[in-house]
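Here the structure comes first, spelled out in structure tokens, and everything after it is commentary.
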Amino acid sequence: MQKPSIPRGTRDFGPQQMAKRNYIFNTIKAVYQKFGFSQLETPTLENLSVLTGKYGDEGDQLLFKVLNSGDFLSKTSEDDYKAGSKALLNKVSEKGLRYDLTVPFARYVVMNRNDITFPFKRFQIQPVWRADRPQKGRYREFYQCDADVVGTNSLLCEAEIIVMINEVFENLNLENFTIKINNRKILQGFTEVIGAPGKETELCVAIDKLDKIGKEKVIEELENNGFDAENLKKLDPIFSIGSDLQANLEFLEGFFTDCEIGKEGLKETKEILTYLEAFDLQDSHLELDITLARGLSYYTGSIFEVKANGVKIGSICGGGRYDNLTGVFGLKDVSGVGISFGVDRIYDVLEELELFPASSDSDLQVVIVNFGEETQSASIKLLSSLRAASINAELYPDASKMKKQMTYANKRNVPFVIVIGEDEIKSGEYVLKNMLDGNQENLSPESIISTIKDNLKS
RNA sequence: GUGAUUGUAGCUCAGUUGGUUAGAGCGCCGGAUUGUGGUUCCGGAGGUCGCCGGUUCGAGACCGGUCUUUCACCCCA
């Protein structure tokens with residue numbers, strides 16, 4: 001006999017967890033649809049040629065590769081083996097599990113460019129896989145909920161995304177969160193102003209950690225990556241910057257007087273803010289964080305990330321604009337912008353802050369106690385009436401002891417139990433028991449249904 | 001991928017320098033209550049101490065490997 005197990009970093013989801021997860025999925029999906037996005041699904045497996053090279057060297061390492069079917073060694077030679085794992089990989093694997101939803105989406109757009117009307121807005125809710133070491137809030141299989149718009153440069157899309165983020169978290173009753181926004185052009189502007197053009201990646205990677213490891217360590221890392229004293233001196237002012245939106249805008253205004261790319265990033269950010277004013281949000285939760293960089297290398301314009309305040313977990317949502325994602329697949333000049341909600345992390349946040357509504361625990365509303373053959377037809381008749389009235393109901397399948405059936409109903413968190421025994425059949429009035437307060441009364445089938453319906457409304 | 005860390009009943013955890021038959025709480029099952037759950041009382045079942053190997057007269061405890069958990073890097077939802 002063997003012990004059953006699941007791969008590291010993966011999870012089963014039981015009924016209670018699924019109820020809660022669906023609550024999150026449904027909330028996000030409803031908002032996406034309201035904003036005009038339509039749903040798309042792509043295969044779990046992609047050709048490795050589609051996936052590799054899109055996420056940087058680090059990303060390639062985190063791809064799950066799938067061994068070719070059949071005798072995967074038949075097309076290899078001893079030389080391939082000697083050439084090392086990388087070279088051998090190409091010979092034994094040509095498919096991999098999707099790493100995110102954006103690249104498959106880009107692939108879809110290019111393959112279907114003739115059938116798509118632009119701007120194309122789609123959302124996609126599917127699992128993705130990454131072969132990194134699991135930690136809390138980090139899994140090897142997890143769901144992403146993406147929404148992207150491609151085929152327009154309009155910054156209205158950015159603004160709408162921020163509105164959507166607000167609406168999703170508002171609907172999830174999460175109030176204490178921050179949307180951090182920045183622009184890759186602003187970061188690129190930094191490298192130009194300080195005299196280190198072309199070193200965006202190094203700067204981004206280091207500066208992204210500012211709130212985590214502090215100024216000294218960031219400077220140390222920059223020095224190790226070839227930034228000289230002059231560079232660092234010019235960079236110094238941005239370390240002392242706060243999170244106040246207006247103040248940061250003014251600061252950048254001065255910082256970028258002679259820098260075109262920086263000015264552009266600033267202008268874009270301001271335009272987004274102008275749109276947001278028109279949307280008239282009560283609280284946009286917005287913060288201009290000029291140290292926000294985000295890892296994915298394909299971002300070229302605005303970038304954003306959402307943090308749940310007071311919960312020790314990474315970002316729960318992120319995204320940005322990419323100007324040339326379809327370019328690698330041969331389709332030029334298609335700009336896109338998108339976001340992705342991390343359901344698994346949102347779940348952990350809602351759980352920790354106890355924000356799941358009680359109703360997401362159970363969906364069964366009534367259990368009818370089974371007394372055996374004599375009462376069965378009356379029970380089934382009532383069962384059907386309950387269901388016809390859109391009340392989730394079931395008849396206990398066996399005529400077990402009442403105690404056992406009551407225990408079952410209690411465990412399922414059912415608010416009502418109906419008892420139909422011999423006495424009840426005679427009188428035509430059944431027992432309706434409220435499981436919350438323990439009270440029960442004899443009622444006609446019609447009053448039972450209306451009582452339950454009234455209760456559900458409140 | 002690098003460096004740590006965790007694993008004992010369904011769950012949360014005790015278990016002394018290596019020494020008889022590995023414990024508790026909760027949960028589960030049964031009874032008190034042959035038509036009433038959630039509270040109370042009584043009883044019961046349940047463990048290859050993650051797995052494989054080693055040291056030892058003797059290993060839950062020590063050593064090696066492996067899997068898993070968590071954490072820090074790296075990176076990220």
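Below, read A as the first sequence line, B as the second, and so on, with proteins coming before strands; counting in each chain starts at 1.
- Heavy atoms of A/C317 sit under 4.0 angstrom from primed sugar atoms or phosphate atoms, though from no base atom.
- Taking atom C1' in both B/U48 and B/G31, one finds a spacing of 33 Å when rounded to whole Å.
- No contact: A/I346 has no heavy atom under 4.0 Å from any strand.
- Note on A/Q405: nothing from the nucleic acid sits closer than 4.0 angstrom, heavy atoms only.
- Counting any heavy atom pair closer than 4.0 Å across all strands shown, A/G438 reaches a base atom.
- Proximity of A/K411 to the phosphate of B/C28: a side-chain N or O atom is located under 4.0 Å from OP1 or OP2.
- Within the 4.0 angstrom heavy-atom criterion, no nucleotide atom of any strand lies near A/G319.
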So A/F105 and A/L325, side-chain contact (heavy atoms from CB on, under 4.5 Å) or not? Walk me through it.
CA-CA 10 Å; A/F105 171 57; A/L325 194 63; 5.9 Å; no
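- Residue contacts for A/S315: at a heavy-atom cut-off of 4.0 Å it reaches the sugar-phosphate backbone alone, with no base atom in range.
- If you find the closest nucleotide of RNA chain B to A/K404 and to A/I6, the one lying nearer the 5' end belongs to A/K404.
- In this structure, of B/U36, B/U2, B/A72, it is B/U36 that holds the atom nearest to the side chain of A/M402.
- As judged by a 4.0 angstrom heavy-atom cut-off over every strand, A/Y139 is placed among the base-contacting residues.
- When each of A/Q61 and A/D423 is assigned the nucleotide of RNA chain B bearing its nearest heavy atom, the one mapping closer to the 5' terminus is A/Q61.
- Remark: the separation of the P atoms in B/G60 and B/U8 is 15 Å, to the nearest Å.
- Across all strands shown, A/E424 has heavy atoms under 4.0 Å from base atoms, whether or not it also approaches the sugar-phosphate.
- Between A/D344 and A/R11 there is a salt bridge, since at least one side-chain N of the basic residue sits less than 4.0 Å from a carboxylate O of the acidic one.
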Distance-only donor-acceptor pairs under 3.5 Å for side chains of residues 372-380 of chain A, two or more places apart:
{"from": "A/T375", "atom 1": "OG1", "to": "A/G372", "atom 2": "O", "distance (Å)": "3.2"}
{"from": "A/S379", "atom 1": "OG", "to": "A/T375", "atom 2": "O", "distance (Å)": "3.0"}

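- For the C1' atoms, the distance from B/C73 to B/U12 is 31 Å, rounded to whole Å.
- Taking only side-chain nitrogens and oxygens, A/R8 comes nearer than 4.0 Å to OP1 or OP2 of B/U69.
- A gap of 29 Å separates the C1' atoms of B/C57 and B/A14, to the nearest Å.
- Nucleotides B/A45 and B/G54 place their C1' atoms 36 Å apart, quoted to the nearest Å.
- Residue A/Q440 places a side-chain atom within donor-acceptor reach of the base of B/U36, judged by atom type and a 3.5 Å distance cut-off alone.
- Using a 4.0 Å heavy-atom distance criterion, A/V419 is classed as a base contact.
- Side-chain atoms of A/T178 and A/E287 form no donor-acceptor pair, as typed in the model, at a separation below 3.5 Å.
- Side-chain nitrogen and oxygen atoms of A/K403 include none within less than 4.0 Å of the OP1 or OP2 phosphate oxygen of B/A32.
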